[in-house]
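Residue numbers count from 1 along this sequence. As the structure is a prediction and not an experimental result, all values here were calculated from the model.
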Amino acid sequence: KILYVKLNQNRKKEFRIQTQIIEENDKKVAVKSAMNPHAVPFVKGLEDKGKQEVSAKCENLRSIYQNDEMFYEFLEGETLHQKIKAWADEGDIQSIVSALEKFYEAYFVSRKKETNYQTEEFCQIFGSCPGKDYYECIKPANVDMICANIFVEEENYKIIDYEWVFPFAVPVSFIIWRMIHDVYTQI
């Protein structure tokens, strides 16, 4: 039984995927699959991205690639986005700031000052970006680290979406900006 479908049909053809939540025998699973043959390598690559170490308190949700589809456990917990929404509804700004700071320290623990982060790979994706002489960066970098993709499990975090993980250094401030921008525009 299909409970949910999301189609990413406006992406370049090699990134067009669909995500479904399916229930079979009272068990829910999330499934990502290519919408065309060009996107099959992108979907298959998610398995390796999911195996990457993140930090002591953060881990990627494991996946299994089978028959050209990526299968994930369906998590029932609460996302960081849901927690922040509840605090925003209560007007509890301090809890929001505290939760974001706590996640920052848990996830970006391996950040390093980089002076030469604008590599050829970086510029192919993001273009040449004038700025400071250095930034704190993380590598590999999940640039889609939004609060809806982060499940909170007591003192730890489970990352459910790692489609946009790049093997090169990306400024932490950019990733944080995207996270905060997404929260601000969604709540």
V152 side chain reached by E78 side chain, heavy atoms, under 4.5 Å: no

Show your working on side-chain contact (heavy atoms from CB on, under 4.5 Å) between Y162 and V54 and close with a plain yes or no. CA-CA 11 Å; Y162 36 83; V54 180; over 6 Å; no

Salt bridge present between D182 and R178 (N-O < 4.0 angstrom): no

So do the side chains of L100 and I84 get within less than 4.5 Å of each other, counting heavy atoms only? yes

Inter-residue atom distance E121.CD - F126.CZ, 0.5 Å rounding: 11.0 Å

Are any non-hydrogen side-chain atoms of N156 and E59 less than 4.5 angstrom apart? no

Describe, in one word, how the ring planes of H181 and W177 are oriented to each other, choosing from parallel (under 30°), tilted (30 to 60°) and perpendicular (over 60°). parallel

Heavy-atom donor-acceptor pair, D161 side chain to D144 backbone, under 3.5 Å: no

E163/K32 salt bridge by N-O under 4.0 Å criterion: yes

Hey, is the main chain of K51 close enough, under 3.5 Å, to the side chain of D48 for a donor-acceptor pair? no

Is the backbone of Q9 close enough, under 3.5 Å, to the side chain of R16 for a donor and an acceptor to pair up by distance? yes

Do you know which two heavy atoms are closest between A99 and L80, and how far apart they sit? CB-CD1, 4.1 Å

Mutual orientation of the aromatic rings belonging to F108 and Y104 [parallel < 30°, tilted 30-60°, perpendicular > 60°]: tilted

Any side-chain heavy atom of C123 within less than 4.5 Å of one from F168? no

In residues 64-76, what donor-acceptor pairs under 3.5 Å come from side-chain atoms, sequence neighbours left out?
| residue | atom | partner | partner atom | Å |
| --- | --- | --- | --- | --- |
| Y65 | OH | D68 | OD1 | 2.9 |

Side chains of S63 and E47, donor plus acceptor under 3.5 Å: no

Given salt bridge (Lys or Arg N to Asp or Glu O under 4.0 Å), test K57 with E153 step by step and report yes or no. CA-CA 10 Å; K57 293 190 173 200; E153 298 179 336; over 6 Å; no

Between N36 (side chain only) and K13 (backbone N and O only), is there a donor and an acceptor less than 3.5 Å apart? yes

Close side-chain approach of D89 and K85, heavy atoms under 4.5 Å: yes

Please confirm whether Y135 and Y117 have ring centers closer than 6.0 angstrom. yes

Tell me whether N8 contacts the main-chain N or O of F15 through its side chain, where contact means a donor paired with an acceptor under 3.5 Å. no

Just so I know, are the side chains of F151 and L61 near enough to count as touching, which here means a heavy-atom distance under 4.5 Å? no

